[in-house]
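Just below is one structure, and these are the notes that go with it.
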Amino acid sequence: MRRIGGACMKPPVFGYAAPRSAEEALALLSELGYDGKVLAGGQSLIPLLSMRLTAPHTLVDINRIPGLADIVIVEDGSVVVGALVRHAELLADAPAYAALPLLRRATSNVAHPAIRNRGTTCGSIAHADPSGEMTAILALTGGSVQIATSGAENRDVAASEFFLGPLESCLGPGELAVSVRFGAAEPRSGSAFLELARRRGDYAMCGAAVMVTVDEDETVTGVRAAYLSVGPVPAVHDLTAAVAGQHVGSADWGAAGELAATLVEPDGDLHASSDYRRRLVAVLTERALPQAAAEASSRSQEAA
Amino acid sequence: MTVTEDRVQASGHSATDREVGKSRKRKEDLRLLTGRTTWTDNHSLPGMLHMAILRSPVAHAKITNVDVSGALDRPGVIAAFSGQDFAEEQGVIPCAWPVTPDMVNPGHPSIAVGQVNHVGEAVAIVLARTKAAAQDALEAIDVDYEALPVVLDMEETVKDGADLVHSHTESNTSFRWVFDAGEAGTGTSTDEAFSGAEVTVSRRFIQQRLIPAFMEPRSSLADFQGEGVTLWSATQVPHILRLMIALSLGIPEHKVRVIAPDVGGGFGGKLQVTPEEFLVILASRRVGKPVKYTESRSESLLSAHHGRDQIQYIDIAAKRDGTVTGLRVRLLADMGAYLRLVSPGVPILGAFMYPAIYKFPAYNFTCDGVFTNKTPTDAYRGAGRPEATFAIERIMDELAAELDMDPMELRRKNWITHEEFPFTTVAGLTYDSGNYEAATDKALEMFGWDDLRAEQQQRRDAGDPIQLGLGISTFTEMCGLAPSRVLGSLSYGAGGWETASIRMLPSGKVEVVTGSSPHGQGHDTAWSQIVADQLGVGFDDVEVLHGDTASSPRGLDSYGSRSLVVGGIAVVKAAEKVVAKARKIAAHLLEANEDDLDFKDGSFSVRGTPDTKIGIQETALAVFAAHNYPEGIEPSLDSEATFDPVNFSFPHGTHLCATEVDTETGRVTIRKYVCVDDVGELVNPLIVEGQVHGGLAQGIAQAMFEEAVYDAEGNLTTGTFVDYTIPSATDLPHFDTANTVTASTTNPLGVKGVGEAGCIASTPAVVNAVVDAVRHRGVNDVQMPMTPERVWRALQGDQDSERAAEGTNAYGGATTEDEKLLDTGGPS
């Protein structure tokens, strides 16, 4: 295993391995334990290395492993995204958009085109940043992460179990997230995604991913939302109580927004205080819900 | 009187073929944009070592011990030094602008000895065979610090009994600089104007700290051999740097050569003599090998000088009909921990611009420069003038609101009309030319002012959550720094002239050597256009040499929008000398009287017999051969000229901004931005537009995006581009730019300078627009940068909580107790 870095680059010295198969990668990760760190798109890891905020012993580069770059639409409508699928590929994927439009709506807000070209959706989720767009989408859709370990069956961990805290997931030493599965959209549902950042492509001060479900009379039956940058993990909140039984055309979305604001516990930072983030939760929710409701309504009419 | 016709036209080209005025693509861009050039960091010398700097992690502390021995054991490390190792020979980082005779300069070491005064100050260095080895070895250096109280808040630092940044000084105030129009004889004093005023408006504005953030990080390579040193450095000021190395480090000036190769941006941030430059020289001398240092972006944000950071108290007096009667300005200007090259002069440059384009009869200005435990401040694009322009243009809007008057009508009522030029202002400047009416009328037409006003009213009436606001900035500035005598009167340590020399090569091609060292502005192109016209040679026949004190020994470099207005005119003067001498030789060759020769399109011809002619390029070959030339004349066509301007130049313009303010989130979106700038004659309209765009981006960035923030311990919390939020093109609107042309009367090209205009003008236009959008909600200011949260908080009437409170309130206003106000650091 080569040890590179240090001599000619900004990061601290690290070892580097580029396995050619998943088996080889898993064996290596198992052997390395806590010393191993998976490198996929590197859009979070490499800056951390360059600023010397992390010093992993060995990087296991999975980019040469075949079979990890597929986007699969499962029969039930869920979307499985392999570990090497770049954000840009998911953004452009028409079947994925047809199955789950929220994927494209959220992915288009992930950083900048250059980062989307290289960064992976799966890696972004494994990074478990609560300001990440795709972590919120995984949580909102009730998705899961498929985790492989050498010598064991893959395990499938629900989003609600996967995220443990800021930049902390249940991925253990020796484990590799081989894919993520975004849960299928419910019938007669619609979605929307809104976020507010200081600059285009920045981490959002707050973001809201929402889903609205209606019945055949276009009465609201379900409202769920997941938020970015307002808690340690992407939290999903059920806001149905605020608008249940109301017609989509006249529902009190503002009430749903106010309900949401009572459910989040955001921290403040340089760019936005706790109070302000809480207010953004209310406003973004109130604005996103009618968009989602309009889509749900039109889906409902198509179904009829 | 407006002068537009009586200028000297270039002699070499007929009007239709003139190069000046063409939007030539920049000839330097191929090499700059493709990377086929040599930045300082690309240079390597045999045996060269790399330097890494251990920087202070604390803002204020005694250094009780530095142990570098651990670093010496690391692989690849050749040497490591603490400040103590250079204590006897490191000189001081110079301050060339002692603005008052009693200014306190505590002395600025290149590397700390015994005490650190800001986070990021150099404490130790490592020299190693590779950059990474040097960087790694920093971890093995032990430093013991003994914490001192950290001084950060300007209004607190000037109070009696405040903790001191420098224990050997009496207070944290470095200087007080005062201008009073009554005392200067340029107007009247302000006390009477304010005591009898029908209306007064007072405001406290915060000019937040900014970081120049040039694209190419700073880099220096020193090769000390024998008694002298060659220094390659990414600097705006190779000539000033050379002199300061000689004066400060005691190396004879003729043994110092400074080379500024292509330099990737500066914005004033490389108008400096830096600790890092001195350290590579000291280290190279100590170890006898070339030493290079290139900063990381993180180091750059932390330790390259910052800009702005002033608190402005401004009072305006007026009659009820809107006629302004007095202006009073008091500043606290944060110098940071030390005085650098022109730190104290930056707010003083602004002193002359507060009265701007308006006919104030009375004016008083007082500035206190104060020390804090922060990175030193110095020039940043505009340097003093953006701050002044902001304050006056903001308070004109506030006065208009107070008087319930249209803000443009208020400006028209008070500005200098075009018939009144030349006009001497209450600050003592004589504006040679200008036409504010023309620029404003054109801008209003492009903007669609009336339609936007109508839409604003509709949105207000409808209670639309997205409100519309219109902002104005009718600015002027002083640039083309500067008449040497004026600089002398302001105690600046140098003159403001510039040099150029022209070498006619045997084949008729032309080399132009300029003392104005560029860092990306397009000198190669603009100078080629000027020389092509003056000599009647082709644009491509001209090569521009710059940035090496061995080839261009005299110069005062590039800053203050001076390159074209001073350096470009020196080029014209040098070309005139070439033509004058060539005329004598051509007359000899044509066997004619030189008074009978016409010079046109690069050829001398005998008046009346136009076929009897010789080109200036052929003349150059004849001079080279030297077989046949007049008696008493040296056989060369080279020339040198030094141009010292007689006055500043005064670009002006009208910038109009429409913003949409989301009243529920506080988000601001620029809907439309129109600017009509009058920068005099345009040498290259494409370059002018580029300068305006870049300036607008930086000015809008101050209004909406950027702020260097320190925490309570004095750590820079905006230490990366994640948190120091420079806007990109996607965050900025389309710019509608145009020009009116009122030529400068004080130089033969009629040019005024454009490097800073966009940056100076745009900031208040944006803030005025945002305040206008929400004034009906009781908001009369939003502190910069106007983040969504700050705007939202202002709308909540929440002006006392958290950071939103800073600067957003009108302060009570000064009465006659100015002294008391400053001594107590402002009203409590």
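What you see is a predicted model; the values in this text were computed from it and never measured. Note on naming: letters A, B, ... go to the chains in the order of the sequence lines (proteins, then strands), and numbering restarts at 1 for each one. Heavy-atom basis, side chains included; hydrogens, waters and symmetry copies ignored.
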Exercise. Non-hydrogen atoms of chain A under 4.5 Å away: do they reach the side chain of B/D662, the backbone, both or neither?
Worked result: side chain

Problem set entry | Region of B/P788 in contact with chain A, defined by heavy-atom distances below 4.5 Å | both

Problem set entry | Full working for side-chain hydrogen bond (donor to acceptor under 3.5 Å, both in side chains) between B/R671 and B/T659 | CA-CA 5 Å; B/R671 158 91 166 267; B/T659 57; over 6 Å; no

Exercise. So which bits of residues 277-284 of chain A come within less than 4.5 Å of chain B, counting non-hydrogen atoms only?
Worked result: A/R279, A/L280, A/V283

Exercise. Are the side chain of B/R74 and the backbone of B/A133 linked by a donor-acceptor contact shorter than 3.5 Å?
Worked result: no

For this session: Without swapping roles, check the side chain of B/T717 against the backbone of B/V709 for a donor-acceptor pair under 3.5 Å.
Result: yes

Under a 3.5 Å cutoff, is there a donor and acceptor pairing between the side chains of [X] and [Y]?
X      : Y      : value
B/E789 : A/S273 : yes
B/E295 : B/S300 : yes
A/Y16  : A/D61  : yes
A/E195 : A/Y227 : no
A/Y276 : B/T787 : no
B/T294 : B/S219 : yes

Exercise. Can you tell if the side chain of B/T720 reaches within under 4.5 Å of the side chain of B/R297, non-hydrogen atoms only?
Worked result: no

Exercise. Does the ring of A/Y97 carry A/R104 above it, NZ/CZ under 6.0 angstrom from centre and within 45° of its axis?
Worked result: yes

Exercise. Any residues in residues 697-704 of chain B near chain A, with a heavy-atom distance under 4.5 Å, and which are they?
Worked result: B/M704

Exercise. With chain A, which of B/D731, B/T730, B/T725 has the greatest number of heavy-atom pairs at distances under 4.5 Å?
Worked result: B/T725

Exercise. Of the listed residues (A/M205, A/H112, A/R200, A/R198), which shares the most heavy-atom pairs with chain B below a 4.5 Å separation?
Worked result: A/R198

